[in-house]
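The structure appears below as structure tokens.
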Amino acid sequence: MSSHEARTGKIRMVGRFLWHYVEMVIAMSLGMLLLGMLWNAVLPEITRIDVDTLIMAADMTVGMALWMRVRRHGWPGIAEMSLAMFVPFLVLLVPYWFGVLPGDMVMSIGHVLMFVAMALAMLKRRDEYTRHQHRLRIRIPSKWLWRGAVVLIALLPAGAVSAVNTIGKFGDLYGARPDAVTAGPASARLAAGHDPAKPTVAFLAATDGTNVADLLGPYEVLAGTGRMNTYVVSPGRRLVPLTGGLDLVPDLTFDELARLLGERRDTLDAVVVPALNKPKPAELDSITAWLRQQSAAGALTVSVCNGARTLAASGLLDGRPATSHWWRMNGLRADFGNVDWTSGRRYVDDGNVITAAGVLSGIDGALRIIERLLDTGTAREAAQRVHWRHYSPGAAALIPTSALEPADVVVALNASYHPGPSTIGVRLTDGIGELELASAFVSYTEHAMVGRTIAIGDGAIRSRHGLTFVPRSTLAAAAGDLDRLLVPGVDAARRQAGGTGPAAGGPRPEYLHTTGEFPFDPVLRDIARTYDLQTARWTAKTLEYPTTDLGLTGSTWPWPATVIPVALTLLGAAAAITTGRLFRRIRRAGPQATDEGPEELATLTEPSPAELAQSRS
């Protein structure tokens with residue numbers, strides 16, 4: 001054998017090895033996709049990260065194993081490859097169970113280790129993947145194999161970019177802060193200001209994350225009356241990550257609230273339950289038991305948005321009418337069939353339980369609490385104070401029954417491919433309104449999906465009604481990484497106009513709230529102007545907030561986010577075709593295939609005219 005033939009043979013073996021790897025990546029991706037769709041249809045919503053991770057790893061393993069069997073690999077090789085795919089996730093779940101590794105990191109690191117382990121398993125049996133033939137049992141014309149391979153390889157770059165970006169953005173929504181800041185006790189200060197003559201309302205927060213708008217919107221509405229004791233309570237003393245990376249110091253733990261009320265001979269009048277970010281089983285058990293206890297003691301229980309899931313898990317909605325966010329309805333109906341789920345209204349009041357619809361419907365839910373515990377006049381004043389234009393005294397206002405529409409693909413494009421400006425600093429300032437904070441942190445992230453937010457400040461701040469928030473970075477440290485610097489709050493804008501605003505640094509500060517209006521209005525206008533109209537409309541739709549009187553202007557569609565996947569697909573197709581032609585040239589230059597040769601390379605390379613003619617015959 002000549003040196004040229006030897007080099008050609010090695011190149012062909014490397015090509016076969018790489019193609020086997022690509023085949024298995026495609027097979028495991030299809031397994032994850034198809035089996036995932038099956039489980040979503042027949043299983044209840046999975047809220048535990050560890051269970052979800054193991055199911056995903058099993059789905060990928062099944063897809064890969066089936067394809068390897070079709071390709072007539074032996075059982076030992078299939079078993080080794082299955083272990084290489086499954087074990088990395090299982091190992092990473094151990095530090096997750098001990099609270100050392102965040103759930104989103106289990107997914108990210110697990111995939112990296114899995115791909116490495118797959119390559120090592122193939123190298124261990126390199127002869128099986130480079131020399132032995134694994135013919136398909138079914139005869140498929142080579143031209144269709146070639147075309148299918150081109151399509152799959154063309155889609156891989158766009159799919160990979162989408163997966164990385166989407167996982168990163170969703171992982172950032174409730175990611176824990178990297179340092180170990182803890183919350184000090186505030187019970188003594190709060191006890192001094194507690195007035196037993198006023199109704200007492202507790203706002204629930206979970207240590208793994210709580211929706212910022214579901215929590216802070218109703219909080220400002222109730223606390224702003226000055227006629228209620230309002231506390232954010234949590235099972236523990238850890239900082240609570242709110243949507244978009246805003247860290248809140250809870251006022252009291254469950255035990256501290258019970259002690260305070262006992263010392264003041266007072267009782268809890270209402271509990272507000274916002275959407276919680278998949279609390280761990282032990283914490284969820286603690287929360288649902290606490291909710292049942294408060295309800296049995298006479299407290300009004302109120303859920304906002306997907307907080308209805310927590311309330312339903314506690315059993316307090318059994319046999320009752322209830323509502324929630326339109327996006328969540330199908331899952332709630334499947335998981336809690338003994339609840340009479342209804343849509344199309346801001347809230348459902350059923351005696352000692354009130355359930356509010358999505359996100360900003362929590363404002364009306366809070367106004368209903370004021371009507372129940374105080375009076376309608378105070379509720380009307382509270383609505384005017386926060387500039388809520390949609391108050392319906394004494395009855396729940398009707399709202400559109402929303403559903404997914406073709407134009408809503410905008411959120412998938414933004415999550416997968418939006419080029420930015422994507423890193424948004426949000427400056428925390430003392431005295432800021434809670435709704436002003438919520439509008440900045442939830443709109444650009446969870447709803448618009450155009451980027452991630454970073455809480456910027458020089459130290460802990462107190463909001464308008466006494467909540468404590470801790471920034472994650474100083475402006476000096478984060479300035480170089482920021483694409484935008486937003487400064488929410490009317491008071492901050494006024495101080496800036498008077499020459500006493502936040503110090504400059506990094507991007508030019510942009511003051512979101514410059515006039516007295518509902519805090520989400522200028523944010524939606526900014527999203528439309530800076531990004532596009534359809535993204536703003538989708539954001540308002542998921543906030544369950546009408547936009548007819550906002551005067552939104554901007555580009556009609558996220559064209560950059562649309563062009564990027566098209567360009568990636570074309571690049572992938574060009575790479576597939578070029579690679580196929582290269583291998584065809586190598587094959588023609590080398591010796592004819594023997595029993596040891598790579599005849600199945602027809603599945604990788606473009607077929608020759610003779611092969612096409614043969615396949616037609």
Side-chain angles (χ1 to χ4, degrees), residues 17-18 20-36 38-40 43 45-69 73-126 128-129 156 159-160 162-180 207-209 238 241 277-285:
F17 183 91
L18 294 176
H20 269 81
Y21 190 88
V22 170
E23 278 186 356
M24 285 190 287
V25 170
I26 294 172
M28 76 179 193
S29 300
L30 290 174
M32 180 175 63
L33 175 65
L34 298 177
L35 289 175
L38 173 63
W39 306 143
N40 288 338
L43 294 178
E45 182 177 359
I46 298 171
T47 57
R48 289 184 51 170
I49 292 176
D50 50 357
V51 175
D52 189 42
T53 299
L54 292 175
I55 291 176
M56 178 204 66
D59 291 347
M60 293 191 296
T61 302
V62 168
M64 178 276 308
L66 286 174
W67 180 248
M68 287 186 70
R69 193 56 191 159
H73 284 269
W75 288 112
I78 295 175
E80 288 178 2
M81 188 61 68
S82 299
L83 290 173
M85 296 182 66
F86 197 84
V87 168
F89 295 99
L90 190 61
V91 170
L92 289 171
L93 283 173
V94 175
Y96 167 77
W97 285 325
F98 283 96
V100 177
L101 191 66
D104 58 305
M105 294 299 291
V106 172
M107 288 286 194
S108 301
I109 299 175
H111 277 88
V112 173
L113 294 179
M114 178 191 70
F115 287 126
V116 173
M118 287 172 60
L120 293 176
M122 290 179 65
L123 287 171
K124 181 176 182 292
R125 292 178 176 270
R126 62 178 65 89
E128 186 172 334
Y129 296 97
L156 277 178
S162 173
V164 170
N165 288 340
T166 302
I167 291 172
K169 285 183 178 179
F170 277 99
D172 286 340
L173 284 178
Y174 296 98
R177 60 185 301 127
D179 51 8
T207 54
D208 282 330
R238 289 170 47 195
N277 179 45
K278 298 181 180 178
K280 294 182 177 66
E283 183 173 74
L284 181 60
D285 290 344

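No hydrogens, no waters, no symmetry mates; every other heavy atom, side chains included, goes into these values. All residue numbers in this chain count up from 1 along the given sequence.
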Checklist entry - Under a 4.0 Å N-O cut-off, is there an ion pair linking Asp208 with Lys280? => result yes
Item to check | Heavy-atom closest pair, residues Met81 and Tyr129 | outcome: CE-OH, 3.6 Å
Item to check | His73 side chain vs Arg69 backbone, donor-acceptor pair below 3.5 Å | outcome: no
Checklist entry - Stepwise, does the side chain to side chain contact (heavy atoms under 4.5 Å, CB included) test hold for Met28 with Met118? => result CA-CA 11 Å; Met28 76 179 193; Met118 287 172 60; 4.1 Å; yes
Checklist outcome for this item: The side-chain contact (heavy atoms from CB on, under 4.5 Å) partners of Ala27 (sequence neighbours excluded) come to Trp67
List the atom pairs, with distances to 0.1 Å, where a side-chain N or O of residues 85-92 and a protein N or O form a donor-acceptor pair under 3.5 Å, not counting sequence neighbours.
none

Checklist entry - About how many Å separate CG of Leu123 and CZ of Arg125, when rounded to the nearest 0.5 Å? => result 13.0 Å
Next on the checklist: Would you compute the distance between atom CG of Leu38 and atom CG of Leu33 and round it to the nearest 0.5 angstrom?
Outcome noted: 11.5 Å
Checklist entry - Using the ring of each side chain (for Trp, its six-membered ring), is Tyr21 parallel, tilted or perpendicular to Phe115, with breaks at 30° and 60°? => result tilted
Next on the checklist: I'd like to check Met24 versus Met122 (side-chain heavy atoms, cut-off strictly below 4.5 Å). Are they in contact?
Outcome noted: yes
Checklist entry - For Tyr96, does the OH atom have more than 12 heavy-atom neighbours from other residues, nucleotides or ligands under 6.0 Å away? => result yes
With a cut-off of 3.5 Å and sequence neighbours excluded, list every side-chain donor-acceptor pair involving residues 54-66.
{"unit_1": "Asp59", "atom_1": "OD1", "unit_2": "Trp39", "atom_2": "NE1", "d": "2.8"}
{"unit_1": "Asp59", "atom_1": "OD2", "unit_2": "Trp39", "atom_2": "NE1", "d": "3.3"}
{"unit_1": "Thr61", "atom_1": "OG1", "unit_2": "Ala57", "atom_2": "O", "d": "2.8"}

